J.: 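Let me give you the structure first, and then I'll get to my questions.
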Amino acid sequence: MQTWLFKSEPDAFSWDDLVSRGKKGEAWDGVRNYQARNNMRKMQVGDLGFFYHSNEGKDVVGICRVIAKAHPEANDATGKWECVDVAAVTAMPKPVTLDAVKLNPKLAGMMLVVNSRLSVQPVTAEEWKEVCRMGELDPKKLKGS
DNA sequence: GCCAACGTTGGC
DNA sequence: GCCAACGTTGGC
């Protein structure tokens with residue numbers, strides 16, 4: 001299993017919005033960046049991701065799960081763009097702010113720090129563990145979900 | 001609201 | 001195929 005980070009402006013689509021979708025989840029559409037699309041193409045059902053609020057909050061607020069592999073966007077006339085479907089798994093007991101991430105030397109290489117503009121990012125196993133620790137979430141409890 | 005960083009577009 | 005111009009993103 002790989003881990004990822006999904007960015008969203010809470011004004012447009014927030015963590016609460018995803019939670020309200022329940023098990024049906026949400027199509028992660030609107031991505032118009034090849035790097036982000038390519039990351040989504042690598043995702044497998046069951047992969048987990050951080051849900052990050054950009055602009056407002058600037059923090060990792062929850063964990064989501066990929067429930068459908070990359071598929072063409074319904075309303076994309078060009079046929080170039082794809083999206084995965086994601087559903088909420090659990091909220092972060094303690095949201096991890098961008099400030100806190102930047103202050104942690106272990107996370108200096110995170111895409112969130114290095115390339116903050118990429119909207120769908122890969123997260124390494126080490127980064128995943130560390131951010132979960134900071135958020136006071138036991139990553140082992142996420143397994144098998 | 002500003003602006004730096006980045007990605008894309010289009011003229012040559 | 002290069003690169004200047006432009007648009008967008010997102011932190012501050």
Side-chain angles (χ1 to χ4, degrees), chain A residues 1-22 24-139 142 145:
Chain A
M1 185 199 71
Q2 284 184 266
T3 53
W4 310 92
L5 182 144
F6 295 87
K7 259 193 330 196
S8 184
E9 291 189 44
D11 279 352
F13 188 81
S14 70
W15 169 250
D16 287 342
D17 291 330
L18 186 63
V19 169
S20 73
R21 297 293 191 276
K24 286 184 177 177
E26 176 82 3
W28 204 257
D29 55 12
V31 173
R32 293 292 179 269
N33 173 284
Y34 289 105
Q35 250 184 296
R37 186 200 65 182
N38 292 342
N39 286 333
M40 288 198 289
R41 282 182 171 174
K42 292 178 199 159
M43 294 180 188
Q44 300 293 327
V45 171
D47 279 2
L48 297 174
F50 291 130
F51 193 103
Y52 175 79
H53 277 165
S54 63
N55 279 313
E56 291 285 321
K58 282 173 288 180
D59 48 6
V60 174
V61 288
I63 307 287
C64 58
R65 179 175 180 271
V66 176
I67 57 171
K69 288 178 72 169
H71 55 87
E73 265 191 36
N75 299 319
D76 170 36
T78 70
K80 282 196 294 191
W81 303 108
E82 299 176 12
C83 58
V84 295
D85 294 355
V86 296
V89 174
T90 183
M92 275 283 168
K94 196 179 152 205
V96 180
T97 65
L98 179 63
D99 283 347
V101 168
K102 283 185 169 173
L103 286 170
N104 188 333
K106 287 182 186 171
L107 301 176
M110 256 190 107
M111 292 302 281
L112 197 61
V113 179
V114 175
N115 181 5
S116 63
R117 291 191 47 185
L118 186 60
S119 59
V120 179
Q121 313 179 346
V123 173
T124 68
E126 291 74 24
E127 290 161 356
W128 183 265
K129 265 179 62 182
E130 184 64 11
V131 174
C132 283
R133 191 188 62 73
M134 292 165 75
E136 295 176 6
L137 184 75
D138 183 357
L142 295 168
S145 59

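This structure is a prediction, so every number in the text was calculated from the model and none was measured. Residue numbers begin at 1 in each chain, while the letters A, B, ... track the order of the sequences.
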J.: Would you tell me if any nitrogen or oxygen in the side chain of A/Lys58 comes within less than 4.0 Å of OP1 or OP2 on C/dG10?
T.: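 For C/dG10, neither OP1 nor OP2 has a side-chain N or O of A/Lys58 closer than 4.0 Å.
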J.: Nearest whole angstrom, please: distance from the C1' of C/dT9 to the CZ of A/Phe6.
T.: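 Going from A/Phe6 (CZ) to C/dT9 (C1'), I get 19 Å.
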J.: Atom CG of A/Leu118 to atom P of B/dA4: distance rounded to whole Å?
T.: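 About 22 Å, once rounded to whole Å.
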J.: With distance as the sole criterion, is a donor-acceptor pair present between the side chains of A/Ser20 and A/Asp17 under 3.5 Å?
T.: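 Checked: A/Ser20/A/Asp17 side chains show no N/O donor-acceptor pair below 3.5 Å.
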J.: Using atom NZ of A/Lys102 as one end and atom P of C/dG11 as the other, report the distance to the nearest whole Å.
T.: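 Taking NZ of A/Lys102 and P of C/dG11, I get 8 Å after rounding.
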J.: Looking at the base of C/dT8, is there any donor atom on it, or on the side chain of A/Arg32, that sits under 3.5 Å from an acceptor on the other one?
T.: no
J.: To the nearest Å, how far apart are A/Met111 CE and C/dT9 C1'?
T.: 15 Å
J.: Send over the distance from A/Asp99 CG to C/dC12 C1', rounded to a whole Å.
T.: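 That distance rounds to 10 Å.
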J.: Give a yes or no answer on whether the side chain of A/Asn39 reaches the backbone of A/Val120 with a donor-acceptor pair at less than 3.5 Å.
T.: yes
J.: Whole angstroms only, please: what is the OH-P distance between A/Tyr34 and B/dT8?
T.: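 It is 7 Å, rounded to the nearest whole Å.
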J.: Tell me, with the steps shown, if A/Glu73 and A/Arg37 meet salt bridge (charged side-chain N to carboxylate O under 4.0 Å, His left out).
T.: CA-CA 11 Å; A/Glu73 265 191 36; A/Arg37 186 200 65 182; over 6 Å; no
J.: Can you tell which of B/dA5, B/dT8, C/dG10 lies closest to the side chain of A/Arg117?
T.: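 Within the option list, the nearest is B/dA5.
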J.: How would you label the contact of A/Leu98 with the nucleic acid (heavy atoms, under 4.0 Å): base, sugar-phosphate, or nothing?
T.: sugar-phosphate
J.: On DNA chain B, compare the nucleotides closest to A/Asn55 and A/Lys80; which residue's is nearer the 5' end?
T.: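 Final value for this comparison: A/Asn55.
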J.: Look at the side chain of A/Asn115 and decide which nucleotide, out of C/dC12, C/dG10, B/dC6, has an atom nearest to it.
T.: B/dC6
J.: In whole angstrom, give the distance that lies between atom CD of A/Gln35 and atom P of B/dA5.
T.: 17 Å
J.: Only one of A/Trp28, A/Phe51, A/Phe13 forms a ring-ring contact (aromatic ring centres under 6.0 Å, His included) with A/Phe6, so which one is it?
T.: A/Trp28
J.: Report yes if a side-chain nitrogen or oxygen of A/Tyr52 is closer than 4.0 Å to either non-bridging phosphate oxygen (OP1 or OP2) of C/dT9; otherwise report no.
T.: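 Indeed not, no polar side-chain atom of A/Tyr52 lies that close.
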J.: The test is salt bridge (charged side-chain N to carboxylate O under 4.0 Å, His left out); show your working for A/Arg133 and A/Glu130 and say whether it passes.
T.: CA-CA 5 Å; A/Arg133 191 188 62 73; A/Glu130 184 64 11; 2.7 Å; yes
J.: What is the separation between atom CG on A/Asn33 and atom C1' on C/dG10, rounded to the nearest whole Å?
T.: 14 Å
